[in-house]
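Data first, discussion second: the structure below is written as C-alpha cells.
Model, not experiment: these values are computed from the prediction.
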Amino acid sequence: AHWTQALTDAKRLKDKVLRFKIEYLLFKAATDEGRTAVARAIRRRLYKLSPSIPADTEELSDFRKMIAQAPETNSVSDRQ
C-alpha cells in the first residue's frame with residue numbers, strides 16, 4: 001500500500017526518476033514472488049520510462065541486468 005501511494009505521488013509530481021525507482025522495486029518484488037503477469041506489466045512500463053532515466057541511475061542498470069538474465073518473464077509458460 002505504501003508503494004502504491006509513493007507511485008501515485010511520483011506520477012503526480014511528474015518525477016520520472018522516482019517513478020522508475022519505485023516501479024523497479026515493484027518489478028523486482030513481483031519477479032521474486034513469481035507473479036509473472038504483474039512483472040510483465042511493470043516491465044513494459046519500465047521500458048517506456050527507460051529512455052528518460054539518467055544512465056547512471058543504479059536501478060536502471062539493475063533493471064537491464066535483471067531482464068538480460070531472466071528472459072522467462074516473456075515465456076509462453078507464463079500464460080498457462
Side-chain donor-acceptor distances from residues 8-18 under 3.5 Å, at least two apart:
residue : atom : partner : partner atom : Å
Thr8    : OG1  : Thr4    : O            : 3.0
Asp9    : OD1  : Gln5    : NE2          : 2.8
Asp15   : OD1  : Val17   : N            : 3.2
Asp15   : OD1  : Leu18   : N            : 2.9

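- In this structure the side chain of Arg45 reaches within 4.5 angstrom of the side chain of Arg19, judged on heavy atoms.
- In terms of heavy-atom proximity, Ser50 sits nearest to Leu60 at OG-CD1, 3.8 Å.
- Ring geometry for Tyr24 against Phe20 counts as parallel: the plane angle stays under 30°, on a 0 to 90° scale with 60° as the upper cut.
- For Ser61, the side chain to side chain contact (heavy atoms under 4.5 Å, CB included) test picks out no residue, with sequence neighbours left out.
- Residue-environment remark: CD (Glu33) exceeds the threshold of 12 foreign heavy atoms within 6.0 Å.
- Judged by distance alone, the side chain of Thr31 and the main-chain N or O of Phe27 form a donor-acceptor pair under 3.5 Å.
- In this structure, CD on Glu59 lies 12.5 Å from CD on Glu23, to the nearest 0.5 angstrom.
- Of the inter-residue distances, the one linking Arg43 atom CZ with Lys48 atom NZ reads 13.5 Å to the nearest 0.5 angstrom.
- Phe63 pairs in a side-chain contact (heavy atoms from CB on, under 4.5 Å) with only one of the listed residues (Leu49, Thr57, Leu46), which is Leu46.
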